[in-house]
Chemist: 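Following this message is one structure expressed as structure tokens.
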Amino acid sequence: QVQLVESGGGLVQAGGSLRLSCAASGRTFSTYTVGWFRQAPGKERGFVAAIRWTGRDTAYVDSVKGRFTISRDIAKNTVYLQMYSLKPEDTAVYYCALGGVWIGKEENDYAYWGQGTQVTVSS
């Protein structure tokens with residue numbers, strides 16, 4: 001019923017920037033929360049950022065605060081993750097996910113997941 005498609009990943013040098021997109025189809029985001037998670041090789045998938053569809057509330061993991069910004073475009077039914085000052089440790093597959101009405105920071109707070117987009121940051 002709900003499909004999430006991530007795009008915008010790629011290879012960048014340290015200090016560069018990327019903007020990831022998460023486009024939803026099958027239904028609108030409505031009042032739900034959209035989260036970004038990432039999974040580096042050999043590591044568990046972890047929380048990065050989230051936004052309530054109203055746009056009023058956002059959350060970030062400490063390691064990306066001040067560098068990443070999550071936003072949404074209501075008309076396009078799309079959530080973005082703008083990433084600045086990228087570091088090699090940001091290298092991971094990035095996933096977007098659709099959750100409930102409140103922001104969550106755990107995988108089980110989200111019911112629908114995209115297939116991911118690769119971000120690689122070279123030094």
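Computed from a prediction, not measured in an experiment: that's the story for all the values here.
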Chemist: Just wondering, more than 12 heavy atoms not from Q3 lying within 6.0 Å of its CD?
Modeler: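 Yes.
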
Chemist: Count I, L, V, M, F, W, Y as connected when their side-chain heavy atoms are under 4.5 Å apart, and connections chain through other members. Are I103 and I74 then in the same cluster?
Modeler: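 They do not share one cluster, since no chain of ILVMFWY contacts under 4.5 Å joins I103 to I74.
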
Chemist: Below 30° counts as parallel, above 60° as perpendicular, anything between as tilted: where do the rings of Y110 and F37 land?
Modeler: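 Plane angle over 60°, so perpendicular.
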
Chemist: Following the transitive rule for hydrophobic clusters with a side-chain heavy-atom cut-off under 4.5 Å over Ile, Leu, Val, Met, Phe, Trp and Tyr, establish whether V34 and Y80 coincide in one cluster.
Modeler: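 Shared cluster, no.
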
Chemist: For the residue pair G9 and L20, what are the closest heavy atoms and their distance?
Modeler: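 Closest approach of G9 to L20: N-CD2, 3.6 Å.
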
Chemist: Taking atom types as modelled and ignoring hydrogens, do the side chains of R67 and Y84 form a donor-acceptor contact shorter than 3.5 angstrom?
Modeler: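 On atom types as modelled, these side chains do not qualify, holding no pair under 3.5 Å.
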
Chemist: Under the side chain to side chain contact (heavy atoms under 4.5 Å, CB included) criterion, do T33 and V101 qualify, and how do the steps go?
Modeler: CA-CA 6 Å; T33 294; V101 297; over 6 Å; no

Chemist: So, for W53 and D73, which heavy atoms are closest and what is the spacing to 0.1 Å?
Modeler: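 For W53 and D73, the tightest heavy-atom pair comes out as CH2-O, 3.6 Å.
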
Chemist: Whether the S122 and Q13 side chains hold a donor-acceptor pair (N or O, under 3.5 Å, no angle test) is what I'd like checked.
Modeler: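 The answer is no; no qualifying pair exists.
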
Chemist: Measuring from T120:OG1 to Q118:CD, what's the distance to the nearest 0.5 Å?
Modeler: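 Separation between the atoms: 4.0 Å.
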
Chemist: Identify the heavy atoms of Y95 and Q115 that sit nearest to each other, and give their distance.
Modeler: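 In terms of heavy atoms, the two residues are closest at CE2-O, 3.5 Å.
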
Chemist: Compare every heavy atom of V121 with every heavy atom of T91, then report the nearest pair and how far apart it is.
Modeler: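 Looking at all heavy atoms of both residues, the shortest contact is OG1-N, 2.9 Å.
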
Chemist: Out of curiosity, Y94 OH to S7 OG, how far, rounded to the nearest 0.5 Å?
Modeler: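 Reported value, rounded in 0.5 Å steps: 15.0 Å.
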
Chemist: Any salt bridge between D90 and K87, counting N to O under 4.0 Å?
Modeler: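 So D90 does not pair with K87 through a salt bridge.
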
Chemist: Any side-chain heavy-atom pair from L98 and V2 closer than 4.5 angstrom?
Modeler: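 Answer yes - side chains close enough.
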
Chemist: Could you pull out the closest heavy-atom pair between L4 and A24, with the gap in Å?
Modeler: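 Scanning both residues, the minimum pair turns out to be CD2-CB, 3.7 Å.
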
Chemist: Distance from L18 atom CG to T117 atom OG1, nearest 0.5 Å?
Modeler: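 L18 atom CG to T117 atom OG1 measures 8.5 Å (nearest 0.5 Å).
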
Chemist: Could you check whether any side-chain heavy atom of I70 comes within less than 4.5 Å of a side-chain heavy atom of W36, counting everything from C-beta outward?
Modeler: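 When only atoms from C-beta onward are counted, W36 and I70 do touch, with a gap below 4.5 Å.
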
Chemist: Can you list the steps and then say if Q82 with T69 is a side-chain hydrogen bond (donor to acceptor under 3.5 Å, both in side chains)?
Modeler: CA-CA 5 Å; Q82 179 66 60; T69 301; over 6 Å; no

Chemist: Taking all atoms of both residues into account, what is the closest heavy-atom pair of S17 and V12, and its distance?
Modeler: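 That closest heavy-atom pairing would be O-CG1, 4.0 Å.
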
Chemist: How long is the straight-line distance from CE of M83 back to CZ of F68, given to the nearest 0.5 Å?
Modeler: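 The CZ atom of F68 sits 5.0 Å away from the CE atom of M83.
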
Chemist: Would you compute the distance between atom CZ of R38 and atom SG of C96 and round it to the nearest 0.5 angstrom?
Modeler: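 Those atoms lie 15.5 Å apart.
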
